[in-house]
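Following: one structure in structure tokens, then a few remarks.
Letters go in sequence order (proteins before strands), and every chain restarts at 1.
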Amino acid sequence: MSHRGDKHVIASGITPSGEFHIGHLREILTSDIIKRACITQELDAEFVFFVDDADPLRKVYSFLDNSYETYIGHQLANIPPPDENGIPDLERFEQGISYAQHFLEPFKKSLQMLGVEIDEYIYNYDAYKSEKFSDVSRTACNRADEIREIIERVSGRELDANWFPWNPIDAKGCMDGITITGWDDPFVHWLDSDGNAGRSDVTKGEGKLPWRIDWPAKWAWRGVTMEPFGKDHGAAGGSYDTGKEIVRLFDVEPPYPTTYEWISLKGAGAMSSSTGVTIGPLEALRLVPPQIMRYLITRNQPKRHIDFDTGNALIELADEYQRNLAETMRENDDGWWGELSRRQQKAWKDMVSRIGYAQINSDISSAISGFAQKIGNSETTAYLDNQYFGLSKITFRHLALLAQLRENDDAVWESVRRSGLIHEIHDGPTENEVHRLQLMRNWIASPHFPDGFRLRIQTQISELAKENMDPRDVEYLRALAEAFSDCEWDWGAINNHVCELAKERGMKLRDAFQLMYWIVLDQDYGPKLASILEEMERDAVLSLLQSAIDELSA
RNA sequence: GGGCCUGUAGCUUAGCCAGGUAGAGCGUCCGGCUUUUAACCGGAUGGCCAAGGGUUCGAAUCCCUUCAGGCCCGCCA
């Protein structure tokens with residue numbers, strides 16, 4: 001992009017016709033990342049977000065009440081927001097909240113949480129009204145024949161004889177069913193669906209340009225040099241292809257394109273796409289820190305399809321982020337860098353760059369990506385402060401277990417401290433870690449949390465235990481039950497008995513623990529056994545042991 | 001019918017634009033930590049780069065064909 005000059009305008013545009021989802025996030029984050037990359041290259045870059053609230057409501061979506069029927073064809077900035085039942089909320093509308101704003105506001109909030117810095121929000125409806133599109137609109141209407149030729153040739157479809165590059169609104173504010181009857185600069189004359197004649201001044205925003213012209217008009221007006229867009233626009237004959245020719249009628253070069261793939265939702269129980277349930281950015285940010293959502297985008301190339309999965313894969317993604325973040329902090333004091341092959345060096349730099357752009361704070365982004373450039377060229381030691389970058393030794397995987405095991409937050413940190421995972425540099429959890437625990441608790445409480453990670457504490461002898469227990473284990477279990485019946489019910493005592501009694505009998509600890517995991521969790525292995533038992537009622541443990549003993553004695 | 005994107009180890013993928021011995025992570029397996037086992041550390045396993053053909057001294061990378069998946073060409077953002 002640097003070949004195209006030092007100043008860049010990166011644009012994104014979204015129609016606020018309904019709930020925003022993480023697919024929209026990809027569009028915005030892609031722009032955000034490009035902007036940051038420009039700045040790292042010392043190019044001047046700004047990010048403008050076009051809110052397409054001049055578009056009409058296309059249909060009554062499933063989340064809307066049928067009463068929205070009357071608003072079909074009306075501009076989104078001009079119709080009331082739905083209430084929680086999908087019914088038009090006239091009260092809020094009177095307070096100035098439109099349909100478009102209703103959906104946009106929460107999205108803006110999530111962008112803020114994600115550290116996306118948008119230099120300017122452009123509300124299309126207002127832009128037309130305030131005559132920002134006057135010149136391009138008149139040009140378009142005056143050169144309607146050329147535009148028609150471009151669209152017909154490039155997209156290969158024939159336009160209606162009455163087609164005209166302006167969608168006027170009728171007296172009721174509707175855009176549908178209007179027939180253009182003439183053009184008399186700057187007025188478009190028309191007949192509405194009831195046969196009423198009227199005219200619209202295209203310089204006053206009485207209507208809008210149709211999408212295929214509206215888009216290049218935005219480029220021309222705002223000087224857009226770069227814009228990522230969904231693969232639908234990017235297809236041959238699609239709106240980018242027509243747009244890049246139309247924009248030349250306005251004497252402007254088209255922006256540099258980047259197409260990105262869709263994000264789909266991987267089916268996980270109730271979250272399958274077939275139920276029509278999508279996950280919104282705010283909802284996702286209640287499960288994982290914002291860096292993880294950014295990392296989801298940065299680790300995948302735009303052209304790759306992403307299957308977003310709020311279960312297992314998200315935990316793995318989060319841990320991968322953490323691992324790589326830690327790797328980023330590596331110091332080049334033992335010459336490891338020089339031992340890497342060239343490919344490995346490049347892979348490492350790419351990885352660091354992806355971690356860099358996943359950061360919320362753009363200064364940290366630059367610091368990390370700058371580091372990626374420098375490594376290997378010079379001494380790079382004592383590079384950063386772990387706390388500052390939110391590094392933690394506690395994996396999400398591990399935190400998921402602790403959060404289930406300990407209802408009390410302090411008990412979680414106590415356990416972490418005992419296992420030495422809280423880093424030496426601080427005594428307690430960092431702010432970042434406290435936040436992560438809160439998110440993890442949200443996640444566990446939600447239907448998105450993967451079943452495979454849920455602890456399934458048994459109340460009676462499990463099938464796995466039945467299949468695998470050895471008759472010789474019964475003596476050990478009896479001894480354990482006896483010891484448990486009157487020992488201190490804490491982590492140390494429990495652990496001590498499990499180990500001591502096993503050693504006395506010459507059992508391998510590994511086998512003893514596995515036996516207990518079969519009985520307690522119906523699994524081959526699990527998290528710290530004593531931690532689980534400690535959280536269980538003593539009687540529950542004893543009764544479980546008894547049922548195992550009964551099974552073996554039978 | 002026309003066109004675009006994707007297809008690399010069990011899984012997720014880097015590398016492709018500017019050809020030069022296929023890089024990771026997860027998983028799996030083994031070893032260590034002998035009071036642990038979704039933790040941590042070390043090691044290993046694993047790819048005829050979708051298929052076929054061509055160009056080249058040399059192709060995952062360039063060209064052609066085929067197959068598979070996704071998408072667009074319906075004023076629809």
Nearest-Å distance for atom pair [atom1]/[atom2], residues [X] and [N]:
X	N	atom1	atom2	result
A:Asn495	B:U34	CG	P	13 Å
A:Lys303	B:G69	NZ	C1'	17 Å
A:Gln322	B:C26	CD	P	13 Å
A:Leu501	B:U36	CG	C1'	15 Å
A:Arg354	B:G23	CZ	P	17 Å
A:Lys208	B:A77	NZ	C1'	9 Å
A:Asp232	B:U6	CG	C1'	16 Å
A:Lys346	B:U13	NZ	P	18 Å

Considering just the side-chain nitrogens and oxygens of [X], establish if one lies under 4.0 Å of OP1 or OP2 belonging to [N].
X	N	value
A:Lys231	B:C4	no
A:Arg304	B:G70	no
A:Arg323	B:C26	yes
A:Gln344	B:A24	yes
A:Gln301	B:A14	yes

Exercise for the section: Look at the rings of A:Phe164 and A:Trp183 and say which category their plane angle falls in: under 30° parallel, 30 to 60° tilted, over 60° perpendicular. Expected result: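 A:Phe164 and A:Trp183: tilted rings.
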Exercise for the section: Anything under 30° is parallel, anything over 60° is perpendicular, the rest tilted; go ahead and classify A:Tyr71 against A:His74. Expected result: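 Ring orientation of A:Tyr71 relative to A:His74: perpendicular.
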Applying a 3.5 Å limit to both distances, which nucleotide forms a Watson-Crick or G-U wobble pair with [N]?
N	answer
B:A18	none
B:C67	B:G7
B:A77	none
B:C48	none
B:A38	none

Remember a base hit wins even if backbone is also touched, and classify [X] as base, sugar-phosphate or nothing at under 4.0 Å, heavy atoms.
X	answer
A:Tyr517	base
A:Leu521	nothing
A:Arg212	base
A:Ala313	nothing
A:Asp55	sugar-phosphate
A:Asn300	sugar-phosphate
A:Trp163	base

Among [options], the one nearest [X] by side-chain distance:
X	options	value
A:Asp350	B:C75, B:G70, B:A14	B:A14
A:Ala347	B:U36, B:A77, B:G23	B:G23
A:Leu401	B:A38, B:U36, B:C75	B:A38

With rounding to whole Å, what would you report as the distance between [N] and [M] at their [atom1] atoms?
N	M	atom1	answer
B:U65	B:G23	C1'	31 Å
B:A14	B:U55	C1'	27 Å
B:C62	B:C40	C1'	47 Å
B:G46	B:C30	C1'	15 Å
B:G19	B:U12	P	29 Å
B:A60	B:C41	P	35 Å
B:C49	B:G20	C1'	16 Å
B:G7	B:C63	P	15 Å

Does the [X] side chain pair with the main chain of [Y], one donor and one acceptor, at a distance under 3.5 Å?
X	Y	answer
A:Gln75	A:Ala54	yes
A:Glu261	A:Lys231	no
A:Trp262	A:Gly230	no

Problem - Any donor-acceptor N/O pair under 3.5 Å between B:C71 base and A:Trp262 side chain - result: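 Flag unset: no donor-acceptor pair detected.
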Exercise for the section: Return the 5'-most residue of the pair A:Ile14, A:Thr259 with respect to RNA chain B, ranking by each residue's nearest nucleotide. Expected result: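 Its nearest nucleotide lies further toward 5', so the answer is A:Thr259.
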Handout entry: Comparing A:Glu320 and A:Gln514 on RNA chain B - which has the more 5′ nearest nucleotide
Key =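 First, find each residue's nearest nucleotide; the 5'-ward one identifies A:Glu320.
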Practice task
Could you give me the CA-CA distance, side-chain angles and deciding distance for A:Lys218 and A:Asp52, then say whether salt bridge (charged side-chain N to carboxylate O under 4.0 Å, His left out) is met?
Solution key: CA-CA 11 Å; A:Lys218 288 170 184 159; A:Asp52 290 330; 2.6 Å; yes
Problem - pair A:Pro16-A:Tyr99: side-chain heavy atoms closer than 4.5 Å - result: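 Not touching, per the 4.5 Å side-chain cut-off.
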Exercise for the section: Measure across A:Ile246 and A:Arg212 and return the closest heavy-atom pair with its distance rounded to 0.1 Å. Expected result: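 Heavy-atom minimum between the residues: CD1-O, 3.6 Å.
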